[in-house]
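In what follows, chains carry the letters A, B, and so on, assigned in the order in which the sequence lines appear, proteins first and then strands, with residues in each chain numbered from 1.
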2 protein chains.
Amino acid sequence: MLCVGSRGTGYIDMATVTIKMLAGKLNLSTATISKALADSHEISPATKQKVLQLAQELNYVPNAYAGSLRRHKSKTIAVVIPEVADSFFSLALNGIEEVALAHGYHTLIYLTHEKLEREKAILKELANGRVDGLLMSVTVETGTFDHIREFNKQLPVVFFDRVCPEIETAQITTNDFECGYLAAEHLIQAGCRKIVLLSVSNNLSITSERAKGFQKAVLEHQLNGVFCRVVDCNEDAAQNYEIIKAMMSQPDRPDGIIATVEKLTIQIYLACRDQNINIPRDVKVICFSNQPSALIFDPGLSTINQPAFEMGRAAARALLKALKNSSLLLADESVEIPSTLIARGSTKM
Amino acid sequence: MLCVGSRGTGYIDMATVTIKMLAGKLNLSTATISKALADSHEISPATKQKVLQLAQELNYVPNAYAGSLRRHKSKTIAVVIPEVADSFFSLALNGIEEVALAHGYHTLIYLTHEKLEREKAILKELANGRVDGLLMSVTVETGTFDHIREFNKQLPVVFFDRVCPEIETAQITTNDFECGYLAAEHLIQAGCRKIVLLSVSNNLSITSERAKGFQKAVLEHQLNGVFCRVVDCNEDAAQNYEIIKAMMSQPDRPDGIIATVEKLTIQIYLACRDQNINIPRDVKVICFSNQPSALIFDPGLSTINQPAFEMGRAAARALLKALKNSSLLLADESVEIPSTLIARGSTKM
DNA sequence: CAATTTTACTTAATCGTTTAAGTAAATTTT
DNA sequence: AAAATTTACTTAAACGATTAAGTAAAATTG
């Protein structure tokens with residue numbers, strides 16, 4: 001018995017299996033079916049058995065949105081991040097998805113591409129039932145927080161990595177201050193005296209924390225503040241290349257570079273190669289990065305390795321915990337998961 | 001006027017703004033509000049103006065699920081991929097999100113972690129209204145297709161990269177056969193005579209296409225089939241390292257390696273380094289990879305670069321086109337976007 | 001100006017669930 | 001055995017939107 005129309009989608013609705021349909025076939029009310037499927041004590045074992053069996057046979061899957069509408073719960077969370085083609089965020093997303101899945105939650109993804117406007121638009125749109133909560137890493141542009149605060153009045157938000165201390169909620173971070181300090185210490189131990197920290201001009205607490213750690217080490221070792229400084233890069237790879245190249249062609253060029261942003265790595269290597277500046281002989285380089293292939297760079301890249309996957313998991317866990325237990329104070333769920341410094345060829349003495 | 005309860009979520013419902021509420025405040029019916037917001041010709045300009053203004057003021061956002069339930073359209077697509085911590089998939093996801101966003105669609109993400117069971121469970125759950133369509137790259141285990149075929153009876157599916165020619169729908173691919181051929185040709189031109197293609201044991205059409213292209217080049221150049229062969233790796237990095245190491249410690253070890261899987265790159269480099277086999281002098285290596293940092297590997301990695309972002313975009317576009325135009329035959333939307341071979345240090349003569 | 005059409009609404013049903021409240025029959029209690 | 005309770009259901013309202021169908025008043029037509 002073929003069932004092909006001459007026009008239309010070609011997709012068969014087959015009068016999608018609903019509770020109503022099950023009720024019809026079994027001569028029961030929809031209420032009974034619903035309760036039977038929910039294993040309610042109000043329904044007799046015999047009826048439950050019949051309902052379950054028919055549901056199985058007809059491949060009944062409850063309409064997600066009908067339930068969401070009724071219960072005011074979507075079993076969906078949103079992940080709002082700047083980009084996904086970045087080892088940190090893709091690993092974090094991995095961790096988030098794992099936890100969401102395990103709890104039967106669905107994961108919506110939104111990329112801000114570092115645009116505050118986009119971030120605002122997303123939060124606004126999500127503020128009406130589509131999700132039960134939000135995991136986010138803010139953009140580099142995010143300097144005001146009203147849009148987040150407004151959203152957070154209605155739904156729980158958990159920050160990870162690029163957190164927002166201004167908002168009282170769970171903040172999943174790594175030890176950025178300490179890592180900035182350790183990176184600088186590491187370079188100093190390797191003999192560097194003119195260390196530059198490359199950052200991107202932004203409002204992020206994590207980069208300022210890293211910079212503060214760096215400054216502390218510089219002070220402790222009484223290094224010259226003229227040479228030891230923070231240099232701002234931006235979102236444009238070609239421009240960053242020029243910035244780094246210009247910096248490295250000065251007579252008093254740095255002998256150590258700390259990149260707080262993974263994507264600057266390539267530009268640093270390229271700029272040095274193109275100017276015949278040898279890493280690590282002429283300049284030592286360490287980056288905040290999670291690329292597993294850092295060890296086969298030329299030379300192997302010393303890194304501060306963030307626990308991206310674990311941070312994603314921790315963030316998702318905190319959010320889901322809050323969703324299960326509505327009296328939970330999310331601010332108490334903040335955790336700091338330490339990063340690890342891995343020394344490789346690029347900082348060899 | 002503070003509004004803080006002693007218990008509960010702390011999240012303010014503020015009787016979330018609904019059409020009903022707007023209707024109440026303006027002394028109009030919900031139908032009028034709904035139509036005004038949809039800019040219907042049935043509503044007078046004056047009323048529209050009033051409605052729009054109040055909606056703006058109260059920050060009204062339509063409940064997504066109410067509309068979805070009524071219209072049987074969710075404005076949501078699902079992306080089902082093996083993993084996200086992979087340069088191809090993260091770039092593709094980027095392209096997908098861009099297109100979805102531009103069309104006002106939401107993107108759900110599901111990771112199969114290469115498990116067929118997981119893939120089946122996801123499709124089953126999604127088959128009831130949650131999404132309007134699906135973009136997918138199948139797992140390495142996906143050898144049967146009934147679960148996809150079943151889903152595809154109800155909703156449109158578009159495959160990208162790891163496609164499924166058995167299902168009649170859009171398949172967004174790159175020129176895998178040709179690339180397998182070109183990679184082999186490239187190694188042969190560089191002097192290789194004993195070339196091994198490293199793959200992962202699976203059912204994927206793309207890897208078999210690459211292998212076929214490789215075989216063609218081997219035949220054309222009448223290379224010895226004993227040395228020129230396909231070697232299977234798997235999902236376990238440590239095991240792969242051992243497989244490659246064992247292969248490279250044979251007396252008749254290969255002088256050329258083609259890796260069809262990005263993640264094998266590191267194991268190849270490590271195994272060679274650990275055995276003092278010089279790349280490219282002793283063995284030349286080319287990988288299917290999209291890592292932008294391939295050029296600063298040691299030595300720079302020659303790659304077959306897939307147009308991941310473009311493929312993601314093409315896949316999303318095909319799906320959305322089908323969703324807008326239900327009489328579209330998706331199979332006609334299949335496209336092949338060519339990859340590019342980038343020669344670097346790892347295949348130098 | 002009576003008849004018709006158009007305008008600008010409202011009423012009420014519906015999407016697929018869940019759930020409070022109701023109810024008849026069976027069971028238990030006293 | 002009458003009263004009270006429990007069991008296993010059903011009825012109907014709700015969630016928040018959309019939309020077919022209905023309607024009174026205003027505008028247009030012949």
Visitor: Using a heavy-atom cut-off of 4.0 Å across all strands, would you classify A:S44 as base, sugar-phosphate, or nothing?
Guide: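 Counting heavy atoms under 4.0 Å across all strands, the contact made by A:S44 is with sugar-phosphate only.
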Visitor: What's the CD1-P distance between B:I19 and D:dT19, to the nearest Å?
Guide: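 Rounded to the whole Å, the gap is 11 Å.
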Visitor: If you check every side-chain atom of A:H72, which of C:dT17, D:dG16, D:dC9 has the closest atom?
Guide: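 In terms of side-chain proximity for A:H72, the closest of C:dT17, D:dG16, D:dC9 is D:dG16.
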Visitor: Quick one: do the A:S327 and A:N325 side chains pair a donor with an acceptor below 3.5 Å?
Guide: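 Indeed, the side chains of A:S327 and A:N325 share at least one donor-acceptor pair under 3.5 Å.
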Visitor: Could you tell me the separation between the CG atom of B:N27 and the P atom of C:dT11, rounded to a whole number of Å?
Guide: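 Spelled out: CG on B:N27 to P on C:dT11 is 11 Å.
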Visitor: Can you tell me the distance, in whole Å, between the CG atom of A:N63 and the P atom of C:dT14?
Guide: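 Interatomic distance, CG of A:N63 to P of C:dT14: 17 Å.
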Visitor: Would you please classify the geometry between the B:Y65 ring and the A:Y65 ring as parallel, tilted or perpendicular, with 30° and 60° separating the classes?
Guide: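 It falls in the parallel class, under 30°.
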Visitor: Would you mind telling me which residue lines up with the more 5' stretch of DNA chain C, B:P45 or A:Y65, judged by nearest nucleotide?
Guide: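 Taking each residue's closest nucleotide, the earlier one in sequence belongs to B:P45.
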Visitor: Please give, in whole Å, the distance from C:dT19 P to A:E42 CD?
Guide: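 Checked: the CD to P distance equals 11 Å.
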Visitor: Considering only NZ, NE, NH1 and NH2 on the basic side and carboxylate oxygens on the acidic side, decide whether B:R162 and B:E114 come within less than 4.0 Å.
Guide: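 Salt bridge present between B:R162 and B:E114.
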Visitor: Between B:L37 and A:H41, which is nearer to the 5' end of DNA chain D once each is assigned its nearest nucleotide?
Guide: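 Between the two, 5'-proximity favours A:H41.
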Visitor: Toward the 5' end of DNA chain D, which comes first, B:L69 or B:A31, by nearest nucleotide?
Guide: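 Its nucleotide being nearer the 5' end, the pick is B:L69.
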Visitor: Are the charged groups of B:D39 and B:K48 less than 4.0 angstrom apart, N to O?
Guide: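 So B:D39 pairs with B:K48 through a salt bridge.
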Visitor: For a 4.5 angstrom cut-off between non-hydrogen side-chain atoms, does B:F159 reach B:L135?
Guide: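 B:F159 vs B:L135: side chains apart.
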Visitor: Does D:dC15 have OP1 or OP2 under 4.0 Å away from a side-chain N or O of B:K20?
Guide: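 So the side chain of B:K20 is within the cut-off, an N or O lying under 4.0 Å from OP1 or OP2 of D:dC15.
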Visitor: In whole angstroms, how far is the P atom of C:dT14 from the NZ atom of B:K73?
Guide: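 For the pair B:K73 NZ and C:dT14 P, the rounded distance is 21 Å.
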Visitor: Consider the side chain of B:T18, meaning its heavy atoms from C-beta on, and name the nucleotide among D:dG16, D:dT10, C:dT10 that approaches it most closely.
Guide: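 Closest of the options to the side chain of B:T18: D:dG16.
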Visitor: If I take atom CZ in residue B:R70 and atom P in nucleotide C:dT17, what distance separates them, rounded to the nearest angstrom?
Guide: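 After rounding, the gap between these two atoms is 16 Å.
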Visitor: C:dG16 phosphate, OP1 or OP2: any side-chain N/O from A:S34 under 4.0 angstrom?
Guide: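 No, no such contact exists.
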Visitor: So, is B:R71 close to the D:dT18 phosphate, meaning a side-chain N or O under 4.0 Å from OP1 or OP2?
Guide: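 Affirmative; the distance criterion is met.
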Visitor: Give the rounded distance in Å between these two atoms: CD1 of B:I33 and P of D:dT19.
Guide: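 Computing the B:I33:CD1 to D:dT19:P distance gives 16 Å.
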Visitor: If you look at every strand shown and take non-hydrogen atoms under 4.0 Å, does A:S68 touch a base, only sugar-phosphate, or nothing?
Guide: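 Counting heavy atoms under 4.0 Å across all strands, no contact is made by A:S68.
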Visitor: Given C:dG16, C:dC9, D:dA17, identify the nucleotide with an atom nearest to the side chain of B:T32.
Guide: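 In terms of side-chain proximity for B:T32, the closest of C:dG16, C:dC9, D:dA17 is C:dC9.
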Visitor: Below 4.0 angstrom from OP1 or OP2 of D:dT11, is there any side-chain N or O of A:S29?
Guide: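 Answer no for this pair, as no side-chain N or O of A:S29 is under 4.0 Å from OP1 or OP2.
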Visitor: Kindly say if B:T47 contacts the phosphate of C:dC9, meaning a side-chain N or O under 4.0 Å from OP1 or OP2.
Guide: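 For B:T47, the contact criterion (side-chain N or O under 4.0 Å from OP1 or OP2 of C:dC9) is met.
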Visitor: Does A:K35 contact D:dT10 through a side-chain donor or acceptor facing the base, at a distance under 3.5 Å?
Guide: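 Present.
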Visitor: Would you mind telling me which of A:E117, A:E119, A:K124 makes a side-chain hydrogen bond (donor to acceptor under 3.5 Å, both in side chains) with A:H147?
Guide: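 It is A:E119, the one option of A:E117, A:E119, A:K124 that forms the side-chain hydrogen bond (donor to acceptor under 3.5 Å, both in side chains) with A:H147.
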Visitor: Let me know the distance between CZ of A:R130 and P of D:dA17, rounded to the nearest Å.
Guide: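 Spelled out: CZ on A:R130 to P on D:dA17 is 13 Å.
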Visitor: Please check the phosphate of D:dA17 (OP1 and OP2 only) for any side-chain N or O of B:Y60 closer than 4.0 Å.
Guide: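 So the side chain of B:Y60 is within the cut-off, an N or O lying under 4.0 Å from OP1 or OP2 of D:dA17.
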